[in-house]
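Here the structure is laid out as structure tokens; the discussion comes afterwards.
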Amino acid sequence: MKQQGPDNRPFLFSVYFKENKNMSKSYTIEEIKSIEIKWQNFWAEKKIFAADNNSTKKKYYVLEMYPYPSGKLHMGHVRNYTIGDVIARFRRMQGYNVLYPMGFDSFGLPAENAAIKNNSSPRDWTNKRMDDMVAQMKQMGLSYDWSRFLFSHDPDYYKWNQWIFIQMFKKGLVYKKKSLVNWDPVDQTVLANEQVIDGKGWRSGAEVEKKEIEQWFIKITAFVEDLLNDLDGLDDWPEQVKTMQRNWIGKSEGTIIRFDVVDENGNKIDELETFTTRADTVFGIEYVVLAAEHPKCKKWIHGKAFETEVADFIKSVEKQSLVERLGEGKDKNGKFLGVYAVNPVNGRKVPIWVADYVLMDYGTGAVMAVPAHDQRDFLFAKKYQLPVSVVIKSADKASLLADELKEAFVEEGVLVNSAQFDGTNSAKAIAAIAQWMEEKGFGCRTTTYRLKDWLISRQRYWGTPIPIYYDENNDPQPIAEDQLPVILPDDIEFGRGNPLETSESFKFYTDPNTGKKYRRETDTMDTFFDSSWYYMRYTDLNTKQIFDKDVCNYWMPVDQYIGGIEHAILHLLYSRFFTKFLKSIGMINYSEPFKRLLTQGMVLLDGEVMSKSKGNVVDPDEMIQKYGTDALRLFILFAAPPKDQLEWNDKAIEGSWRFLNRIWNFTEQYNPDFKEDVDLASLSAADKDMERERAATIKKVTEDLISYKFNTAISSLMILMNNVDKYLAGEQTPVKGSVINRLIRTVIQLLSPMTPHVCEELWQNIGSPQESIVHALWPEFDEAALKQDTVQIVVQVNGKLRGKFDVPAEISEDDLKEIVLADDSIQKFIQNKPIRKFIYIKGKLANVVV
RNA sequence: GCCGAGGUGGCGGAAUUGGUAGACGCGCCGGUCUCAAAAACCGGUGAGGGCAACCUCAUGUGGGUUCGAUUCCCACCCUCGGCACCA
């Protein structure tokens, strides 16, 4: 029964809590599931999460890396999407116009391999898996704007892959070249350098072979300096990712040295260039060495007595797989080529060798060898009894003796035996010698990169067809833009080489103007092409262009991108390149796609990464069936900060379940008719403390959500609830009812980005003016409400904690000193020693030094 | 070898413009409820010592700066991740 208090307000415990005082009810999973479905349907029907392309509000674009449709969400996905959803929901409540879309990276080999195995269609296989995963995402209550759903195998999407390809082609950034490429013998396709990991195919794990084939490349190196330099402006990217990209780009500055090549009689027969970063060692060159693939090797040995022997050696090196060749501590092998290089700095004639330790695709594919100061050259020289001469010595020691060297002296030092440069230190000498050589015409300064152009053609079916045909002269020509998309055909046959070559309908292109038939390109694009720009497409799916420029410029760049560290190089580097390209042709006005990047940690079980092959997976579906989505989300957010690895714990998720039950019970028993206003004048000290804690929790949760410290945000809400119990334990007053009324609304709101279903249910149950909690603005607090009248001062003697004192917040140092020194428990430690110093940190701590 | 991140109870983790180390949660121990169990709720829980109030020790190791160090400096050890015969 409700009673009426003064001014018609109900009061007393039995009033502001409903009569059922059973605080310990545990909700059933059926109840949880039913409210989850109820609110998911509600949100969908009301289009609560639709982003507005014509809004005047401040925008916020949250994005997770779109997944490959593998068939089922794993815990890593759940973690990734939960983090993104919390951010999206939080920003919406803060009043931003939020874009939060989802799609699928749906081209790729697994679909094709599965289709071959089951004799079915990659399209059906993929569509089925996408449907399953979308259902799971919906079950998680993720607040995506589903009206912007996209997937790469949609002709409306890959049409624009082809369009971008043609724009790049027109700008000369796409080219076809016969070159030595990485061939995956299992997946029967070429791979980009980035897709070769430790000499093995990134998907198949097969040892990659080198093959010379004509392939399509994208000139990513055209933007190499921007790709490197702009990393410095990405303040909100993890240092680790930026470092990985810098390493991958691998810029190094050095000098190209030009050698005259002479025969044994000293007659000039050719020239050669080498690259070095150690110009300070040029006076110590003892031989020059080429990579096996260097074209001059074959030229110079032609017709020589040892031609066959050396040619066989070169062939054997070329045949070696990357694994064999790059093994650490590999023995170095080489052959003399029968010709000599003349060192321009001192005129010395040194032999030219070919060796397996020199790489063709770095620098010039040829190296000046200085055995005394390079460990590889040193080992090679010792093996083949080549001379060693010292040109650098350690600054504080006598000159090294070549004969006594056990290993190369690779550190910087002071030059010796280097003519006019003797006595110069290495760092200065590198610059001085480079400049001198440049003046003399011996060489030039240059910059080289590890980054190579991106090989994008694949001899597989399930990808975007490359929009090219070959004219009468067999020159590649782009398909006319009004003929796009070039549709991926269905009449193909697997198992007979490149699948598109088996398609009668596809093989030939008929020029719409002349009716002439041409041969089409039958390779498809690397799927990383698809994922390099999809985030721009989300901004505007309904236009007949790639996207509306203004709309794209409004939403982009992505404010928060979230994904796994495994994409630190490939996807992120390619996306940055695409952005720079699209900007260069005037399509967009920003030069970096992702403002802030969060790489979430992996989910582990017993310290190991969950994986199907290891059999140590926890199925998120099972957890949702057992505890509900909200408890799963809460656990994942609470167990570890987003960047850290997360150790799965079957027991700990029950803690999240308990906490949600507690909030629910508490709210259920609460009488929603009770007035929310708090009359400040009638507050007791305990009431004020509770009000202050409410304000402090708003502050803490807000700050933590901004900095993605979800674990501490949740813990501060738990602490608040613990304190509520203590607060209610005493005498019940109407004021307490008001204080609690306000508090419970705050808790539900603060928690709602993390556990949206339970919070929406409770928010609606306690009666709210908004259609949805999503539309309720984020709670604010008054800084003044945080002020405390009394504070606890920690008192130390000589830095050791000896007591705690409750004093007025504004107490002066002298007053405090008096109180502290009068206290027996402090005097005990001071005894009769003189006080040397009294340190007071306002409102916090005092230290008596004796 | 180079580059980056990190090392805190039985476990996940908190605390850094230098100021109460171990918040919060899990687990464990004890209790309430129950015929009993589960669930739920309440209390305790770094180690060592003491009947107790309390005391001592403790944030990978060893030093240093400071009234005071998980936090700053120096040297080292270990773990994880990336790159690497890159000239």
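All chains are named by letter (A, B, ...) in the order of the sequence lines, taking the proteins before the strands, and each is independently numbered beginning at 1. Only heavy atoms go into these numbers, but all of them, side chains included; no hydrogens, no water, no symmetry mates.
Here the side chain of A/P641 is nearest to one of B/rC42, B/rA87, B/rG13, namely B/rG13. Comparing B/rA15, B/rG13, B/rA87 against the side chain of A/F275 picks out B/rA87 as the nearest. In the set B/rC86, B/rC42, B/rC57, B/rC42 carries the atom at the smallest distance from any side-chain atom of A/D725. When the nucleotides B/rC85, B/rG12, B/rA15 are ranked by their closest atom to the side chain of A/A639, B/rG12 comes out on top. Considering only side-chain atoms of A/R658, the nucleotide from B/rA40, B/rG13, B/rG19 that sits closest is B/rA40. Listed candidates were B/rC24, B/rA87, B/rC26. Nearest to the side chain of A/F638 is B/rC24. If you check B/rG19, B/rC57, B/rA87 against the side chain of A/R376, the one that comes closest is B/rA87. Checked against B/rA87, B/rC67, B/rC55, the side chain of A/I839 finds its nearest nucleotide in B/rC67. Distance from the side chain of A/S715 is smallest to B/rC24 among B/rC24, B/rA15, B/rG68. When distances are taken from the side chain of A/E239 to each of B/rA14, B/rG4, B/rG82, the shortest belongs to B/rG4.
The gap from the C1' atom of B/rG64 to that of B/rU20 amounts to 25 Å, rounded to the nearest Å. Taking the C1' atoms as reference points, B/rG7 lies 6 Å from B/rG60, given to the whole Å. Between B/rG68 and B/rG44, the two C1' atoms lie 31 Å apart (nearest whole Å). Comparing the C1' positions of B/rC11 and B/rG18 gives a spacing of 29 Å, expressed to the nearest Å. Rounded to whole Å, the separation between the P atoms of B/rU61 and B/rU8 comes to 10 Å.
Atom CE of A/M721 sits in a crowded spot, with more than 12 heavy atoms from other residues, nucleotides or ligands closer than 6.0 Å.
Residue contacts shown for A/K242 are absent, as no nucleic acid heavy atom lies under 4.0 Å away. Looking at heavy-atom distances under 4.0 Å, A/I719 makes contact with sugar-phosphate atoms alone, never a base. Backbone-only contact: A/Q240 has heavy atoms under 4.0 Å from sugar-phosphate atoms and none from a base. A/Q375 comes within 4.0 angstrom of nothing in the nucleic acid, heavy atoms only. Among the atoms of the strands shown, only primed sugar atoms or phosphate atoms (P, OP1, OP2) are found under 4.0 Å from some heavy atom of A/G655.
Taking atom CE on A/M244 and atom P on B/rC80, their separation rounds to 17 Å, with Å as the unit. One atom, CH2 of A/W657, and another, P of B/rC26, lie 15 Å apart when rounded to the nearest Å. Distance CD (A/E654) to C1' (B/rA38): 11 Å, rounded to an integer number of Å. Distance, A/F829 CZ to B/rU56 P: 6 Å, rounded to whole Å. If you measure from atom CD of A/Q796 to atom C1' of B/rU66, you get 12 Å, rounded to the nearest angstrom. If you take NZ of A/K800 and C1' of B/rG19, they are 16 Å apart, rounded to a whole angstrom. The separation between A/F635 atom CZ and B/rG27 atom P is 11 Å, rounded to whole Å. Rounded to whole Å, atom C1' of B/rC85 lies 13 Å from atom CZ of A/R450.
At least one side-chain nitrogen or oxygen of A/N722 sits closer than 4.0 Å to the OP1 or OP2 atom of B/rG25. Contact annotation: A/R802 reaches the phosphate of B/rC55 (side-chain N/O to OP1 or OP2, under 4.0 Å). OP1 and OP2 of B/rG82 both lie 4.0 Å or more from every side-chain N or O belonging to A/R246. Remark: A/N711 is in phosphate contact with B/rA14, judged by side-chain N or O atoms under 4.0 Å from OP1 or OP2. For A/K844 and B/rG68, the shortest distance from a side-chain N or O to OP1 or OP2 is not below 4.0 Å.
Taking a cutoff of 4.0 Å between a charged side-chain nitrogen and a carboxylate oxygen, A/E813 and A/K817 do not qualify as a salt bridge. Look at A/E438 and A/R445 and you find a salt bridge, because one of the NZ, NE, NH1 or NH2 atoms lies within 4.0 Å of a carboxylate O, short of that distance. Taking 4.0 Å as the cut-off between side-chain N and carboxylate O, A/E225 and A/K251 count as a salt-bridged pair.
In this structure, A/D644 contributes its side chain and A/G601 its backbone to no donor-acceptor pair below 3.5 Å.
A 3.5 Å limit on both hydrogen-bonding distances identifies no Watson-Crick or G-U partner for B/rA37.
For A/T243 and A/D361, each mapped to the nucleotide of RNA chain B holding its nearest heavy atom, the one lying further toward the 5' end belongs to A/T243.
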Exercise. Could you walk me through whether A/I256 and A/M437 pass side-chain contact (heavy atoms from CB on, under 4.5 Å), step by step?
Key: CA-CA 10 Å; A/I256 284 181; A/M437 286 200 294; over 6 Å; no

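No N or O donor and acceptor, one from the side chain of A/K837 and one from the base of B/rC67, sit under 3.5 Å apart.
Under the 3.5 Å distance criterion, with hydrogens and angles disregarded, a donor-acceptor pair is assigned to the side chains of A/N722 and A/R662.
Relative to the ring axis of A/F829, A/R802 places its NZ or CZ within 45° and under 6.0 Å from the centre.
Its glycosidic angle being more than 90° from 0, B/rG13 falls on the anti side.
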